[in-house]
Amino acid sequence: MNNRDIAAAFDEVADLLEFQNANPFRVRAYRNAARRIGDFPEPLAAYVDDPERNLTELDGIGKDLAEKIAELATTGKLTMLEELRAQIPSGVMALLRIPGLGPKKAAALHKELGILSLDMLRAACQADEVQSLKGFGAKTQEKILAGIDFAAHADERMLWAEADEIAQQLLAHMRKLRGVRQIEMAGSYRRGKETIGDLDLLVDAKDADAVMDHLAKFEAGATVIGRGETKLSIRLARGLQIDLRVVAAESFGAALQYFTGSKDHNVILRSMAKDRGLKVNEYGVFRGDKRVAGETEESVYASVGLPYIAPELREDHGEIEAAQAGRLPDLLELRQMRADLHAHSTWSDGHASIREMAEAARAQGLKVLAITDHSQSLGVARGLTPQRLREQRKEIQRVQRALGDSILILQGAEVEIRADGQIDYEDDVLAQLDVVIASAHTSLRQPREKITARLVGAVRHPGVHFIGHPSGRLIPEREPADIDMEALFAEAARHGVALEIDSHPSRLDLSDAHARRAAEVGCLLAVNTDAHSPEEFALREYGVGVARRAWLTPAQVITAWPRARLVAWLQKRKKART
DNA sequence: GCCGTTTTCGGCCCGACTGTTTTCAGTCG
C-alpha cells in the first residue's frame, strides 16, 4: 500500500468521524495525518519495516496513528475504517457535498427521514418532508434542492490556467470601479496550486456595498450565494464560486495573508502568535485591543518573528520551520528563465515554423531555444527520420544566421522510449543532436516494473539530457502511469540526467511534490513548455509556479542557468555519449 | 488523536454569514 492509499484511508476515516459528530480535533488529527502522509517523500511502507525508525517521529503521528499506518501498510486494510463504513451507508456521505449541508444536518436527514442517497433527498424535498425537521425550514429545503445537482460535480476543481483566465477578467472588471484602492486575488489561486476550487478576491475600498454591487454584475448568469456587510459570494454559470471580501487599508495585509491561506499554514501562524500574547485575524495583529501589525503581509509575519514567506510555500510543508531557521529557499522567478529546451515545429506536430517559434521565444526574453520534434517511431506526430533530421538541421542553421546572436537555437529531439525500452534513434544519430529528451508516449499502461525499467533505462542511456514528462501523464483525464518515481529519481540523480517540469497546464505532469522530492535527492530539473505554437511560450509562468511550489531555486533548474553554463552542461553530457 | 521549560490533562485559530432561533448552532473558508 503506497502513501497515497494510506492518506486516502485516513481522509475517509476523517469524513466518517466527522459525520458521526466526533471530536473535531480528532477529525483534524486524521486529516493532518492524511495530508502529511500524502506529501511524504518516502514510501511509509519502508519506514514500517525499518527497526531503526519510528513513525511517531513524524509530526502529527502519535502511537495510535502509527499503529494504523502499520496495519494499512502490512495488511492493506484498516479495521477501524471498515467498522465505520459498516455504520454509515456510502450514499449518505454524498450528502455532505451539498453546499450548506454539513455533518450535523446530513446526520439528521439520515436519522429522521432515513435518507440514503441524493435521489432520496431530492424526493424528500419535493414531498416537503425536509422543511418540517427541527433545525430545517423552507429556505433550507429550497437550498438543498438547488444544491443536489451541484453536489454531483461539487468536488471538481478547475485547472489553474482556466481559473487564471477568469481571474484576469475579474480583476479587469473590478478595477473599472472607482474607489478601489488595492485589489488582489488570494486563496489557492494566489498560492499557484495545480487546481483551483474557487476564486478569492480581496479589495481595499471605503464603500463595500459599491464593490459588492459591482462584482454581482460581473456576469449575467451569476447567482448570489450569500451577502453580508463586507462579504459577497457568487457562483458563475460555469460553476466557479467567487468569494469577495472588502477590507480597510490598515487591514489589507492581514486579510491578504489570511485569505491566501493555506488553512494549515494559518493555523500554525496563529498559534505562534498566541504563544507571543498576540491575536491574528483578518483585521490585523493585536496585542489586547491594540493593533500592532496588519497593513502588509510582511508586517504580519514580522510580528511573529518570521521573514516574508512566498504564497507558493504556504502549505505547512515545513516552510514555517525553514523560515524560523532562516533557510527559506531563494525561489525561482519567471524573469530568471533563460531557456526553453522543449518545443515543436511544423517538422513534426507543431503549428509554426522554426523561425516563428524562435522569434516568439526571443520575444518572451528567452536566450536559448531547443527545437525538439518527435522521433521516427511516433508516426501520429509525424516523427522525423534521421534523413529529415539532417534537413532540419540546415533549416535551423539558416534561421540562426537570420536571427543572429539574439537567441541560440539548438537542434534537439524528443526521442521516443519505445515500448520495448529501446531509444528511437541509433547512437550516431543522437550524437548529431544538441539536446536529447527521452519521453514515453506509448504503452503507458504497462505494469509498474516494466514502465519504470523503460524510463530508468533511458536515464542510463548515455547522452540523454532529460526525461520529458516523467510521470507519464499526458492527458489530464488519465491517471499518471504507474511509475516507481523514487527509483527514477535515484537513477536520474546518479547519472546527472534532468527531469522535465512540463509547463502545459492541462497536463499536470510532474507534480510539485514529485519535483521537490526529485530536487531533494539531487536531480536537476528543466522547466519547459513543450510548446507546439508561439503562444505556448507564455505558459512558462505555470511551470515556474510548479517549480516554486517545489521549493526550487534557479540553481536547480537548468533552464534558468546562464546561456554559457547551460551550453557547457549540454555539451558535457553529449561528450559522455561518445 | 496529538502534544508538552504552561508535560500526563486540557488545550487545540478565528470570524462571517445564514437560517432558524428568540440567543445560537451549523457551515464555511
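Lettering of chains follows the sequences in order, A, B, ..., and the numbering in each one begins at 1.
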Pull out every protein N or O sitting under 3.5 Å from an N or O of nucleotides 3-7 of chain B, one pair per line with the distance.
{"unit_1": "B:dC3", "atom_1": "OP1", "unit_2": "A:Gly60", "atom_2": "N", "d": "2.8"}

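- A ring-centre distance under 6.0 Å is found for A:His173 and A:His214.
- Each of A:Ile225 and A:Gln241 was assigned the nucleotide of DNA chain B with the nearest heavy atom; the assignment lying further toward the 5' end belongs to A:Ile225.
- Within 4.0 Å of A:Pro24, counting heavy atoms only, lies no atom of the nucleic acid at all.
- Between A:Glu142 and A:Lys139, none of the side-chain N atoms (NZ, or NE/NH1/NH2) sits under 4.0 Å from a carboxylate O, so this pair counts as no salt bridge.
- Using a cut-off of 4.0 Å between Lys/Arg side-chain N and Asp/Glu carboxylate O, A:Glu297 and A:Arg314 are scored as salt-bridged.
- A salt bridge links A:Asp15 to A:Arg31: one of the charged nitrogens lies within less than 4.0 Å of a carboxylate oxygen.
- Between B:dG29, B:dC17, B:dG1, one nucleotide has an atom nearer to the side chain of A:Asp64 than all others, and that is B:dG1.
- Salt bridge present: A:Glu12 and A:Arg85 bring a charged side-chain N and a carboxylate O closer than 4.0 Å.
- Looking at heavy-atom distances under 4.0 Å, A:Lys263 makes contact with a base.
- Remark: A:Gln20 pairs with A:Leu17, A:Leu84, A:Gln87, A:Ile88 by the side-chain contact (heavy atoms from CB on, under 4.5 Å) rule, at least two apart or across chains.
- Among the protein residues, A:Val280 comes within range of the sugar-phosphate backbone only, with heavy atoms under 4.0 Å from sugar or phosphate atoms but none that close to a base.
- Between A:Ser188 and A:Asp198 the shortest heavy-atom distance is OG-O, 4.4 Å.
- Between the base of B:dG1 and the side chain of A:Asn32 there is no donor-acceptor pair shorter than 3.5 Å.
- Only at 4.0 angstrom or more do the heavy atoms of residues 290-319 of chain A sit from any atom of DNA chain B, so none qualifies.
- Less than 4.0 Å separates DNA chain B from no heavy atom of any residue of residues 75-92 of chain A.
- A:Asp213 is linked by a side-chain contact (heavy atoms from CB on, under 4.5 Å) to A:Arg227, counting only residues two or more places apart in sequence or in another chain.
- At a non-hydrogen distance threshold of 4.0 Å, A:Gly135, A:Phe136, A:Gly137, A:Ala138, A:Lys139, A:Thr140, A:Lys143 from residues 127-143 of chain A come into contact with DNA chain B.
- At the heavy-atom level, A:Asn266 lies nowhere under 4.0 Å from the strands shown.
- Between A:Glu312 and A:Lys193 no salt bridge is recorded (no basic side-chain N to carboxylate O distance below 4.0 Å).
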